[in-house]
Amino acid sequence: SEQATTVSIQTPIHSMTTRSKVVSCQLPLVEIVAFIRVGENIRCALRRARRRLSLSLRFLCLSSSTTDLKSEMECSKVKKSSQNVRVAVNIRPLLTRELLLGCTDCITVVPGEPQVRIGSHAFTFDYVYGNMGSPSTTIYDDCVAPLVEALFHGFNATVLAYGQTGSGKTYMMGTSGEGSNSGVIPKVMESIFKKIDSMEEREEFLLEFHLLSSKKSEEAFLAKPVVPERVPLQIREKKNGGIKLDGVFEAKVTTKEGMKLQLLRGSLSRATGSTNMNSQSSRSHAIFTITVEQKKIAHIGAGGDISCVKLHLVDLAGTERSKRTCAEGMRLKEGIHINKSLLALGNVISALGDEKKLKDGGHVPYRDSKLTRLLQDSLGGNSKTVMIACVSPANTDAEETVNTLTYANRARNIQNKAVINR
Ligand code: ADP
Ligand code: MG
């Protein structure tokens, strides 16, 4: 017509995401017909057409009686649910100190399977990184890269490093370094900036990095890099279900260097007196939150849509102080002793992993601890979560290692394939 031009594009599709589910179908080619309004950006028109297509595909899947399509749907549902919560285990190598003390390696990794054995126990996970000290690149590629990618598709995400003090949580998360030897956090930073650089509408992104430390101006920190004072954290829930923090230092950065500076500042404040098991770093959770604000291209007749997503990178408190907490009567059914927030976190993740219960409107106990309240909008729902349980292979740490593996395994709700009789 006078008012519109029609463009038809044939595109191969194997699966596509609609708002609520992943729809897979075996159509080799799908035609997208886009009507372009006069003066309208072609990309907006295509996006509209794709939206319409995904709606019709969803309808097709729902109304189709062919078992093929139905089983495809079931299959993609399972895929999706297992993608939302993943649990990996990272076994660090024996340290020189441990070798000198005559410690031995007490963990066996089952070849070709994500399974670990220790004593009479066997545990299955999504991924297991062996005691040879897997390169951090592998952990990043398997566990974290999909979460970073998900960020740019509008999902919130959380990476949790769990384990006793000395098990390699901070080493794995890493706060410095570059290239393949760097830890998870620098790798996340690098790939976020790479991703933004490769996008055409670069100026549409606004990155914010939040560190949980008290409010201090950047200039003051630069002039005198002091450890920020500690203030109680206030957590407030926004009307839309999002979480807002008071008493937190928030920095808006636009460069990688700016982000590194903020990270350094965070780790500095955490490193105070970290010489023994009761150090700050083993008693506190370090949470590094990256907020990505993405402004969709505005087009005629519509304002720019702003999407705001969060990625939490969490180096959890050491789990061993559990022993003290257990004296106060905190106890898990399975006999693991952990502190309150870690107990709450385990309960939340385990509730999220229980598809059946969730469907029946099952309760997710977010409100049981500050940690879970804080992560609430990035755990569960449409968010992606990965927990990496870090363990020491030393026989002297066997008891804690079993506790950690039991906790992580419970969080994942994975049926263990092999149970060795005691
Ligand atoms: P956590 O943060 O869990 O208390 P750390 O990350 O501080 O533990 O690690 C404890 C010690 O183990 C450190 O000296 C660290 O350098 C070493 N370490 C941890 N993981 C590895 C690894 N994959 N390869 C070599 N050394 C490691
Ligand atoms: Mg640490």
Side-chain angles (χ1 to χ4, degrees), residues 87-101 103-107 109 116 127-144 159-177 179-188 211-213 227 263-288 312-324 338-339 341-342 345 371 386-405 407-408:
V87 180
V89 170
N90 184 25
I91 310 162
R92 71 153 164 78
L94 279 171
L95 304 176
T96 316
R97 176 173 42 87
E98 290 165 336
L99 289 168
L100 288 173
L101 288 171
C103 295
T104 54
D105 185 337
C106 65
I107 305 182
V109 179
V116 289
Y127 298 104
V128 172
Y129 301 102
N131 19 5
M132 296 315 290
S134 294
S136 59
T137 320
T138 321
I139 303 181
Y140 179 80
D141 289 349
D142 291 346
C143 301
V144 187
V159 179
L160 302 157
Y162 178 93
Q164 75 173 116
T165 300
S167 59
K169 300 181 295 295
T170 308
Y171 184 95
M172 178 188 70
M173 293 305 269
T175 46
S176 58
S180 58
N181 284 330
S182 65
V184 163
I185 296 179
K187 283 203 173 70
V188 166
L211 273 168
L212 295 188
S213 60
V227 173
L263 188 60
L264 188 71
R265 166 200 234 151
S267 25
L268 184 71
S269 96
R270 202 178 179 234
T272 19
S274 61
T275 42
N276 57 28
M277 282 286 231
N278 278 330
S279 72
Q280 199 60 52
S281 86
S282 59
R283 282 187 290 120
S284 65
H285 307 298
I287 307 181
F288 184 58
H312 293 295
L313 299 158
V314 191
D315 186 347
L316 291 165
T319 52
E320 69 288 340
R321 88 191 188 95
S322 47
K323 291 204 177 91
R324 204 156 19 105
I338 37 177
N339 77 38
S341 60
L342 293 173
L345 179 70
L371 177 71
V386 62
M387 174 184 276
I388 308 173
C390 295
V391 292
S392 143
N395 55 338
T396 45
D397 286 323
E399 195 187 330
E400 280 299 340
T401 298
V402 170
N403 281 351
T404 300
L405 295 173
Y407 176 99

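Note that ligands are numbered from 1 as they come in the structure, with each ligand's atoms numbered from 1 the same way.
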Identity of the nearest option to atom 18 (N) of ligand 1, non-hydrogen atoms only, from Tyr162, Tyr171, Tyr129: Tyr171
Output yes when a side-chain donor or acceptor of Arg92 lies under 3.5 Å from a complementary backbone atom of Gly166, and no otherwise. yes
Is the backbone of Val391 close enough, under 3.5 Å, to the side chain of Ser167 for a donor and an acceptor to pair up by distance? no
Between Ala161 and ligand 1, which residue portion shows a heavy-atom distance shorter than 4.0 Å: side chain, backbone, both, or neither? neither
Test of understanding: given a 4.0 Å heavy-atom threshold, classify the contact between Asn90 and ligand 1 as side chain, backbone, both, or neither. neither
If you measure from each heavy atom of [X] to ligand 1, is any distance below 4.0 Å?
{"X": "Gly163", "result": "no"}
{"X": "Gly166", "result": "yes"}
{"X": "Ser167", "result": "yes"}
{"X": "Met173", "result": "no"}

Measure the spacing between NZ of Lys187 and CD1 of Ile139 and express it to the nearest 0.5 Å. 8.5 Å
CE/Met387 to OH/Tyr407 distance, rounded to the nearest 0.5 angstrom? 4.5 Å
Which of the numbered atoms in ligand 1 are below 4.0 angstrom from a heavy atom of Gln164? 3 (O)
Would you mind listing which atoms of ligand 1 come within a distance below 4.0 Å of any non-hydrogen atom of Thr165? 4 (O)
Can an N, O or S atom be found in Thr170 less than 2.8 Å away from the Mg ion (ligand 2)? yes
Minimum heavy-atom separation for [X] and [Y], please, with both atom names.
{"X": "Leu94", "Y": "Asp105", "value": "CD1-N, 3.9 Å"}
{"X": "Gly174", "Y": "Ile185", "value": "O-CB, 3.4 Å"}
{"X": "Leu316", "Y": "Lys169", "value": "O-CE, 3.2 Å"}

Do any nitrogen or oxygen atoms of Thr170 come within less than 3.5 Å of a nitrogen or oxygen of ligand 1? yes
Contact check: Leu95 vs ligand 1, nitrogen or oxygen atoms, below 3.5 angstrom: no
May I ask you to check whether Tyr129 and Asp142 show a side-chain donor-acceptor distance below 3.5 Å? yes
